[in-house]
Amino acid sequence: MLRVYNTMTRKLEEFTPREKGKVYMYVCGLTPYDYSHVGHGRSAVVYDVMHRYFECLGYEVIHISNFTDIDDRIIKRAQELNLNFRELSEKFVAIFLKSLEALNVKKLFMYPRATENIQEIIDMVKELEEKGFAYETSDGVYFSVRKFKDYGKLSHRNIEEMISGARVDVNEEKHDPLDFALWKKAKEGEPSWESPWGLGRPGWHIECSAMSLKYLGNGFDIHGGGDDLIFPHHENEIAQSEACTGEVPFVRHWLHNGMVVIEKEKMSKSLKNFFVLGNLLQDYDGEVVRLFFISVSYRKPLNFDVESLELARKNYTYFSESYKTLKTLLERNKVNSALDVHSAITKWKEAFTNAMDDDFNTSVAISILFDMFRYVNANRDRIDSVGAKAIDALCKDIFLVLGFDHLGDDKVSLDSSFKKELIKAINDFKVNDIVKESFKDFNENLEIVDIINEIIKIRKAFRDSKNFKASDVIRNGLSDVGVVFEDTKNGTKYKLVMTNEKREE
RNA sequence: GGCGCCGUGGCCAAGUGGUAAGGCAAGGGUCUGCAAAACCCUUAUACGUCGGUUCGAGUCCGACCGGUGCCUCCA
């Protein structure tokens, strides 16, 4: 039984869908006025894991996430950069979506934009006005929070206390300081749309109500977003939506993810600790970043620091190398052993399900991977193909849920720049007194893989003749360009790793 | 001021009543020409402080200390 933490009730509760076998989820996306940061990436990844787990449980998932592509910040930024507001927002949307791809975030059902749903927004504001929840002023249309008696139920705030404690608002026309804009009338030169109140644009909040109701229908299953959206954004969404439809609840389960923090402080631009997601993904593999994101409960703050990222990288490499080991066992013949692989698998499966059922406890889910791979490595000589295949099947299930789509693949592409470095290493060998004789006639026109195998052959000759000084020169030289040699009973194996230099470029 | 969250061994991090998962780091070992990788073992009087409830609390209650979030734009 899957249990999720609902911000509204402040309790873990059984997940119950509106419609049998389907999950309708809406996750608040970003306002594309600048490069997206690491926090946006985390948010996307944690909801992606939920999405994947729902599918694992057999649900059809209708998952959408919006872009609020018209807003004061977008207008301001577009003016600064002398761009059309749409060019600006779509540019940052595209960059963000590219980052999501690197993070293996599944393509969503749709990514609705506020500007594509202006008519629905206007209709909703009109209806709120007709029902007496909204009023027009000289600069826009506002929602009257006092008219909605449940105001504050999500964030557990008392409306009277908030009003008395509210900061002075410069807008004298608002009935209450907490009233918020549903529609903003356009000033000269601003992007705008025709409406019953003249030219203008949507306020913040209303687009999410309009789009979630339009595409998912009232009373949908999951509404998510960062916990900084609880108030006022989601509180206002509830107020607008329930006032408009007259029905409760607007949403069945309210889920919120914790912020990414730096030195315990929330990541934000004003504090100058803003980290661009795209830059991080140049330094670290997307799946490593993903592991970093899900190593902590989605509800807790996640500290962003190099140590944690390096730990994720190290652990990811362990998973990856171990999984490759498992794959070598798939074609293994029957071996004599009393190894009870199946009871181990049963135990892991159950542990994984229990962890994920407990509000998506990915920390525990990951610990199961450590269990599994330690078992594989420790018993690599005793697992036969039947056992290996069974473990492999479970691995694939788990990777699918956690989103490790390329775990075990060779990540470093054997591109031309890599070959250049390899040739450079070989050139160094050609002038190294210890090994140069062997590299005199080296054929550099071979394929990369053949070059490496050729080097292994040369090195083997040195090793066979106990010239370890020479073999170490070769091993160290290649390790510098990211080819790591490992001498095993069955000959020398190599693996390709990203070097520090490459990572820092 | 209002509403929250967090404080677990050197570091990261699970754990909502029964006596502390997992990872990293550290030490020792197996293997190896040496490494690397892998595995085995070890380590630690780790639950912010002080009270309370309970047969029993990291886990519930209270107070306090420290950190932090929302209340203004914010994933």
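Each chain gets a letter, A, B and so on, in the order its sequence line appears, and its residues count up from 1. The structure displayed is predicted, hence computed values, not measured ones. Just so it is clear, the values below take in all heavy atoms, side chains as well, and ignore hydrogens, waters and symmetry mates.
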Distance, rounded to the nearest Å, where A:H234 contributes NE2 and B:rC3 contributes P: 23 Å
Candidate nucleotides B:rA35, B:rG33, B:rA75, ranked by approach to the side chain of A:C28 - the nearest: B:rA75
Whole angstrom value for the distance that separates P of B:rG23 from CZ of A:F292: 20 Å
Single hit among A:D72, A:D139, A:D71 for salt bridge (charged side-chain N to carboxylate O under 4.0 Å, His left out) with A:R201: A:D72
Rounded distance in Å - CG (A:D227) to C1' (B:rC6): 12 Å
Residue A:H40, side-chain heavy atoms: nucleotide from B:rA14, B:rA75, B:rG33 that is nearest: B:rA75
Nearest-angstrom distance, C1' atom, B:rU59 to B:rG18: 11 Å
Watson-Crick or G-U counterpart of B:rC70, or none if no pair lies under 3.5 Å: B:rG2
Contact nearer the 5' end of RNA chain B, comparing A:D358 with A:E307: A:E307
Heavy-atom side-chain proximity of A:R52 to A:N104 below 4.5 angstrom: yes
Complementary nucleotide of B:rA37, counting Watson-Crick and G-U pairs under 3.5 Å: none
Distance, rounded to the nearest Å, where A:Y151 contributes OH and B:rG2 contributes C1': 14 Å
Between B:rG48 and B:rU16 - P atom distance, rounded Å: 15 Å
Interatomic distance, A:I294 CD1 vs B:rA14 P [rounded to whole Å]: 12 Å
A:E265 side-chain proximity, nearest of B:rU16, B:rG2, B:rU68: B:rU68
Nearest to side-chain heavy atoms of A:S297, which nucleotide of B:rG69, B:rA35, B:rA14: B:rA14
Atom-pair distance (OH on A:Y298; P on B:rA14), nearest Å: 13 Å
Closest nucleotide among B:rA36, B:rC24, B:rA14 to the A:L311 side chain: B:rC24
Residue closer to the 5' end of RNA chain B, A:D305 versus A:K489 (nearest nucleotide): A:D305
Distance below 4.0 Å between A:R10 side-chain N/O and B:rG4 OP1 or OP2: yes
A:H63-A:Y47 aromatic ring centre distance below 6.0 Å: no
Pairwise C1' distance, B:rU19 and B:rG29 [rounded to whole Å]: 32 Å
Heavy-atom closest contact (A:D48 atom, A:K106 atom, distance): OD1-N, 2.9 Å
Trace of the side chain to side chain contact (heavy atoms under 4.5 Å, CB included) decision for A:F67 with A:F96: CA-CA 11 Å; A:F67 289 112; A:F96 179 60; 3.7 Å; yes
Note: A:R459-A:D487 ion pair, threshold 4.0 Å (strictly below): yes
Selected nucleotide, minimal atom distance to A:V484 side chain, candidates B:rA36, B:rG2, B:rA75: B:rA36
Ring-ring centroid check A:F92 A:Y35, cutoff 6.0 Å: yes
Sugar-phosphate, base or nothing in reach of A:N257, heavy atoms under 4.0 Å: base
Touch class at under 4.0 angstrom, heavy-atom based, for A:K314 against every strand present: sugar-phosphate
Rounded interatomic separation in angstrom, taking CZ from A:F231 and C1' from B:rC73: 13 Å
Nucleotide paired to B:rA21 in any strand shown, Watson-Crick or G-U, under 3.5 Å: none
Qualifying residue for side-chain contact (heavy atoms from CB on, under 4.5 Å) with A:Y298, from A:V49, A:N361, A:D359: A:D359
Identity of whatever pairs with B:rC60 - Watson-Crick or G-U, under 3.5 angstrom: B:rG52
Closest to the A:F370 side chain, choosing from B:rA36, B:rG22, B:rC34: B:rG22
Letter per nucleotide, 5' to 3', of nucleotides 38-44 of chain B [B base touched, S only sugar-phosphate touched, - untouched; heavy atoms, 4.0 Å]: SSS----
OP1 or OP2 of B:rA14 under 4.0 Å from side-chain N/O of A:K300: yes
Closest nucleotide among B:rC73, B:rC34, B:rA75 to the A:R73 side chain: B:rC73
